[in-house]
Amino acid sequence: MPGVRLAGARIAGVIDVSDGEVAATLDLEGCFIDSPPDFDGASCRKIRLVGCSLPGFTAKQADVRGSLRFESCAVSGCIVVRNARLAGSLHLTGSRLGCAGGQALSAGGITASGALYAGGLLVEGNLRLIVGTFNGGVFLDGARLSHPDGDTITGDGITVRSVVDLSRTVHDGTLSLRGAHVGSLTLEGATLRNPGGYALHADHLEVATYLHGTGGLAADGEICLNDAHIGTILDLKGARLRNPGGTCLNAIGIRVDAVMNCCRDFEGTGKIELYHARIGHRLCFKRARLSNPGGLVIWGEQLQTRELMLQTAGPANGTIDLRDARIGVLHDEPASWPATLLLAGFDYGTLDPPLTGRRRLDWLERDPSGNLPGYEQLGAMYRGLGQGERVRTVQLARQRRRRQSLPRVPRAWGYLQDWTVGYGYRPARAAACLLVLWAIGAVVFGLHHPPPADGADPRTFQPVIYTLGLLLPVVDFQQEDTFTPQGAQSWLAFVLIAAGWILTTTVAASIVRALRREGE
């Protein structure tokens, strides 16, 4: 087949084959081209430029029956391949594209049966790939792209059936992949810099398999993945996300079918937004360092996952919000608890480790809202584990927390119940009060016998039996009706009768609860 093959030539004037049928291949190596070649609307064979210097290239709506190669080229203007169709791949490996503040590559709507190869690419300006299709993948390993206050790559709506490899790329500006559909996305070791703005803007991103942000991914600005869908794993192990005073990871409404890892030295400076997120198996923050002083460090309201690992590397510097979240198993440890937790409506199956009632009460009391239902759920968990003493500890703490919101008189009555019978959850205390009152009554009535009723023999008075009869309201020892106390003794008798009703009822209720537990 005929072709044009030149090496080391300078080409003056315009190569213009627009709308033409070009049977020859174009193969230029080390050439200097004065004007942008024009292949708009052309139907041509493969085009290969290696080590060339040119002011731009245009091939809008071209039909290339092969690959379009710009390898190790220096392009000072824009490469325009909008809506072009490539039977092969688009190669930009090792090239330098310079269009500061503008589009260095305009490839919106491009369709390539092959891939985009751009390893080691240097760009000043924007790579515009909006609504493009690359069936063979996108590979920009080690590329460096600079477009401050704009997009380094605009891949909105792009379709890539296989991998998008942006490993070790450096971006000064926003990496935009909004609404993109890709097989997998790797950002291992990438650097994304856009302080105060979007470092990665990828809301509604669809990833069929995995998104890897490991290997030292560093982002200065917001990572936006809200309403994204990840087919298997979102892996951010060891990533460093920084956006002080703002959102470092926006994953509102994200769906991850398997695992989301923000662990193993993951660093999040700023708010992590996981509102209404759905994580299929596990969300992990183990050994992560989280900081957002004075604000939410994790906004996990309505979060759902089977397993949440919150054993962070030290207490999170900020508030963790798990209101109305639904978690199967929560793994945590006291050393990782933040100063403030929001837990209203938090629904969990198991706490690992369960810890003692006292330690878990400290966990619950970090919620400033009170969250009384949280005590019920904690008690239910301990009940399911057969730890009755911890259940009583939690229920007693619930009554004490509730008492803080009561008016003065009910609050005073609550204090009395707490001191005497522990709100019914400390039956031993009730029994001890009965013994003390029994001893007091026996001594007082023993020193000063109450006068006998009509016809009674005063010699039959037994102060110990008489006091016991007053304290036990359902038992008649035939002493309390035979002798009638007067004056101060009548008030003492009234106190003993009232206390007896309260304390014996408390003891009886605790016995019934114990028997019920044994029957179960």
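Being a predicted model, the structure only gives us computed values, none of them experimental.
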Is it true that [X] and [Y] make a salt bridge, defined as a side-chain N closer than 4.0 Å to a carboxylate O?
{"X": "D362", "Y": "R358", "answer": "no"}
{"X": "R65", "Y": "E21", "answer": "yes"}
{"X": "E267", "Y": "R242", "answer": "yes"}
{"X": "D172", "Y": "R193", "answer": "yes"}

Considering all heavy atoms of both residues, which atom of [X] and which atom of [Y] are nearest to each other, and what is their separation?
{"X": "A87", "Y": "S113", "value": "O-CB, 3.4 Å"}
{"X": "A112", "Y": "G88", "value": "CB-O, 3.8 Å"}
{"X": "V256", "Y": "V259", "value": "CG1-O, 3.3 Å"}
{"X": "V14", "Y": "S35", "value": "CG2-CB, 3.7 Å"}
{"X": "F285", "Y": "C263", "value": "C-CB, 4.2 Å"}

**OP:** Report the residue from D16, D40, D38 that forms a side-chain hydrogen bond (donor to acceptor under 3.5 Å, both in side chains) with T58.
**Re:**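 The passing option is D40.
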Check: [X] side chain, [Y] main-chain N or O, donor-acceptor pair, under 3.5 Å:
{"X": "D352", "Y": "P354", "answer": "no"}
{"X": "T312", "Y": "G314", "answer": "yes"}
{"X": "T152", "Y": "G173", "answer": "no"}
{"X": "T356", "Y": "R359", "answer": "yes"}
{"X": "S95", "Y": "C73", "answer": "yes"}
{"X": "T305", "Y": "I327", "answer": "no"}
{"X": "T159", "Y": "H181", "answer": "no"}
{"X": "N226", "Y": "A228", "answer": "no"}
{"X": "R366", "Y": "P338", "answer": "yes"}

So [X] and [Y], would you call those rings parallel, tilted or perpendicular, with 30° and 60° as cut-offs?
{"X": "Y348", "Y": "F346", "result": "tilted"}
{"X": "F57", "Y": "F70", "result": "perpendicular"}
{"X": "W337", "Y": "W363", "result": "tilted"}

If you count the non-hydrogen atoms of other residues, nucleotides and ligands that lie under 6.0 Å from [atom1] in [X], is the total more than 12?
{"X": "H276", "atom1": "NE2", "result": "no"}
{"X": "R85", "atom1": "CZ", "result": "yes"}
{"X": "R326", "atom1": "CZ", "result": "no"}
{"X": "R289", "atom1": "CZ", "result": "yes"}

Please determine, by modelled atom types, if [X] and [Y] share a side-chain donor-acceptor pair under 3.5 angstrom.
{"X": "H331", "Y": "E307", "answer": "yes"}
{"X": "D367", "Y": "S369", "answer": "yes"}
{"X": "N194", "Y": "T174", "answer": "yes"}
{"X": "S106", "Y": "Q103", "answer": "yes"}
{"X": "T247", "Y": "E273", "answer": "yes"}
{"X": "T25", "Y": "D27", "answer": "no"}

Measuring from [X]:[atom1] to [Y]:[atom2], what's the distance to the nearest 0.5 Å?
{"X": "L54", "Y": "I79", "atom1": "CG", "atom2": "CD1", "answer": "6.5 Å"}
{"X": "L28", "Y": "I47", "atom1": "CG", "atom2": "CD1", "answer": "9.5 Å"}
{"X": "S89", "Y": "Y117", "atom1": "OG", "atom2": "OH", "answer": "5.0 Å"}
{"X": "I158", "Y": "R178", "atom1": "CD1", "atom2": "CZ", "answer": "13.5 Å"}

Subject >> Among I223, L200, T269, I272, side chain to side chain contact (heavy atoms under 4.5 Å, CB included) partner for L241 >> reply: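 Of the listed options, the one satisfying the test is I223.
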Subject >> L175 and L187: CA distance, side-chain angles, deciding distance, side-chain contact (heavy atoms from CB on, under 4.5 Å) verdict >> reply: CA-CA 11 Å; L175 170 59; L187 291 165; 4.0 Å; yes
**OP:** For side-chain contact (heavy atoms from CB on, under 4.5 Å), just list the numbers for D165 and L140, CA-CA rounded to whole Å, side-chain angles, deciding distance to a tenth of an Å, and then say yes or no.
**Re:** CA-CA 6 Å; D165 185 358; L140 278 82; over 6 Å; no
N/O donor-acceptor pairs under 3.5 Å from side chains in residues 124-138, not counting sequence neighbours:
residue, atom, partner, partner atom, Å
N126, ND2, D151, O, 2.9
N126, ND2, T154, OG1, 3.1
N135, OD1, R161, NE, 3.4

Original post:
Just wondering, do N261 and T214 contact through their side chains at under 4.5 Å, heavy atoms?
Top reply: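 Contact flag for T214/N261 side chains = no.
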Subject >> Check: F139 and L166 side chains under 4.5 Å, non-hydrogen atoms >> reply: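 Not in contact.
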**OP:** Scan residues 207-234 for pairs that pass ring-ring contact (aromatic ring centres under 6.0 Å, His included), counting only residues two or more places apart or in two chains.
**Re:**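 Only Y210-H212 qualify under ring-ring contact (aromatic ring centres under 6.0 Å, His included).
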**OP:** Could you go through the side-chain contact (heavy atoms from CB on, under 4.5 Å) check for L249 and L236 one step at a time?
**Re:** CA-CA 11 Å; L249 177 59; L236 297 173; 4.2 Å; yes
**OP:** Test D63 against S43 for side chain to side chain donor-acceptor pair (under 3.5 Å), laying out the working first.
**Re:** CA-CA 5 Å; D63 187 357; S43 176; 4.6 Å; no
Original post:
Going through the distances and angles, do D347 and Q377 end up as a side chain to side chain donor-acceptor pair (under 3.5 Å)?
Top reply: CA-CA 8 Å; D347 183 12; Q377 181 161 1; 3.2 Å; yes
Original post:
Going through the distances and angles, do L330 and T350 end up as a side-chain contact (heavy atoms from CB on, under 4.5 Å)?
Top reply: CA-CA 6 Å; L330 173 64; T350 305; over 6 Å; no
